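These figures come from a predicted structure and were not determined experimentally.
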Amino acid sequence: MPSRSAGLQTALALDYGLRRIGVATAAPVAGTASALTTLAARAGEPDWAALDTLVREWEPQALVLGLPRNSDGTESAMTVRVREFEQQLTERYKLPIYLVDERYTSAEAESLLKAQRRSGQRTRKLQKRDVDSLAAALIAASWIRTLDRTDN
């Protein structure tokens, strides 16, 4: 994996789902990750036009893709779908793609958003799209932490 010093400015992180794809930005140099949006998907097929627009706007040097696994680390049917999506992304954007273990990111995102709602920090009702984009941000943050380890 490249280190922060390798000039990697921006990446887009994706939390792939059959109905929605959460998207976040990652800025390795700054060490930050932020939820961006959630794209619609139909039976696992993303809204390519919307994703194309994000790639053009953000000009990422890499894509980060959450790789789902079972709790014991084995691959699931969804893991296979994500690997197929990875291949499509590679062919379409010609960018490096980093896979990040995404176990529990959606559950963690939902828990964080519920806690914000209980505390009054968040007033809007929790929606699945919010969970998906925050899960993508957690995936991005996890990836940035791996870069930190390789920089030492």
Side-chain angles (χ1 to χ4, degrees), residues 1-113 126-152:
M1 263 184 212
S3 69
R4 285 188 187 177
S5 59
L8 193 56
Q9 302 285 318
T10 305
L12 287 179
L14 305 170
D15 180 33
Y16 175 83
L18 298 178
R19 287 184 256 158
R20 290 172 307 281
I21 299 170
V23 183
T25 60
V29 172
T32 60
S34 300
L36 183 60
T37 190
T38 300
L39 304 177
R42 286 213 163 110
E45 190 67 23
D47 179 344
W48 287 110
L51 189 53
D52 291 346
T53 297
L54 289 173
V55 169
R56 273 193 311 275
E57 286 176 4
W58 286 92
E59 298 179 349
Q61 290 85 43
L63 299 174
V64 179
L65 184 58
L67 185 66
R69 294 187 179 275
N70 294 319
S71 59
D72 65 0
T74 59
E75 295 196 357
S76 66
M78 194 61 171
T79 309
V80 173
R81 296 290 299 258
V82 168
R83 290 189 187 279
E84 291 168 355
F85 182 54
E86 174 192 16
Q87 186 60 42
Q88 291 175 309
L89 291 170
T90 298
E91 291 169 9
R92 191 174 192 100
Y93 300 117
K94 311 288 190 254
L95 292 169
I97 298 178
Y98 298 93
L99 297 173
V100 174
D101 185 343
E102 70 155 33
R103 277 179 282 183
Y104 312 115
T105 54
S106 292
E108 183 181 353
E110 186 172 353
S111 178
L112 288 168
L113 291 169
L126 183 68
Q127 297 182 3
K128 290 191 181 281
R129 67 178 183 214
D130 299 324
V131 173
D132 295 329
S133 61
L134 183 54
L138 294 172
I139 290 165
S142 177
W143 174 68
I144 289 170
R145 285 191 300 276
T146 67
L147 296 176
D148 286 342
R149 287 192 297 268
T150 61
D151 276 353
N152 295 331

Residues two or more places apart in sequence or in another chain: which of them pass side-chain hydrogen bond (donor to acceptor under 3.5 Å, both in side chains) with Ser34?
none
Name all residues meeting the salt bridge (Lys or Arg N to Asp or Glu O under 4.0 Å) criterion together with Glu75; count only those two or more places apart in sequence or in a different chain, and write none if there are none.
Arg69, Arg83
So CH2 of Trp48 and CG of Leu39: to nearest 0.5 Å the spacing works out to 10.5 Å
Closest approach of Leu95 to Pro60 (non-hydrogen atoms, all atoms of both residues)
CD2-O, 3.5 Å
Of all the heavy-atom pairs spanning Gln9 and Pro28, show the shortest one and how long it is.
O-CD, 3.4 Å
How long is the straight-line distance from CG of Leu63 back to CG of Leu51, given to the nearest 0.5 Å?
7.5 Å
Thr79 side chain vs Pro68 backbone, donor-acceptor pair below 3.5 Å:
yes
Enumerate the residue pairs fulfilling ring pair (Phe, Tyr, Trp, His ring centres under 6.0 Å) with a member in residues 21-41, sequence neighbours excluded, ordered by first and then second residue.
none
Shortest non-hydrogen contact from Ala137 to Ala35?
CB-N, 3.6 Å
Would you name the heavy atoms of Ala140 and Ala13 that are closest together and state the gap between them?
CB-CB, 3.6 Å
Could I get the full list of side chain to side chain contact (heavy atoms under 4.5 Å, CB included) partners for Val80, not counting sequence neighbours?
Glu84
Across all chains, not counting sequence neighbours, the side-chain hydrogen bond (donor to acceptor under 3.5 Å, both in side chains) partners of Thr53 are Arg56
What distance do Gln88 atom CD and Ile97 atom CD1 have between them, rounded to the nearest 0.5 Å?
10.0 Å
Using the test side-chain hydrogen bond (donor to acceptor under 3.5 Å, both in side chains), find all partners of Glu59 that sit at least two apart in sequence or belong to another chain.
none
Do Leu54 and Val23 have side chains that approach each other closer than 4.5 Å (heavy atoms only, starting at C-beta)?
yes
Sorted by chain and number, sequence neighbours left out, salt bridge (Lys or Arg N to Asp or Glu O under 4.0 Å) with Arg92 holds for Asp52
Close side-chain approach of Val100 and Leu67, heavy atoms under 4.5 Å:
no
At what distance, to the nearest 0.5 angstrom, does CD of Glu57 lie from OG1 of Thr10?
13.0 Å
Provide the full list of ring pair (Phe, Tyr, Trp, His ring centres under 6.0 Å) pairs with a residue in residues 15-44, sequence neighbours left out, each pair given once.
Tyr16-Phe85
The side chain to side chain contact (heavy atoms under 4.5 Å, CB included) partners of Ser71 (sequence neighbours excluded) come to Tyr104
Counterpart residues, side-chain hydrogen bond (donor to acceptor under 3.5 Å, both in side chains), relative to Thr37 (two or more places apart):
none
Closest heavy-atom contact between Ile139 and Gly66?
CD1-CA, 3.7 Å
Set of salt bridge (Lys or Arg N to Asp or Glu O under 4.0 Å) partners for Asp47, sequence neighbours left out
none
Closest non-hydrogen atoms of Ala135 and Asp15, given as atom of the first, atom of the second and distance, are CB-OD2, 3.3 Å
When rounded to the nearest 0.5 angstrom, what is the spacing between CD in Glu91 and CD in Glu86?
10.5 Å
Quick one: list whatever passes side chain to side chain contact (heavy atoms under 4.5 Å, CB included) with Ala41, sequence neighbours left out.
Ile21
When you measure from the side chain of Asn70 to the backbone N and O of Asp72, does any donor-acceptor pair fall under 3.5 Å?
no
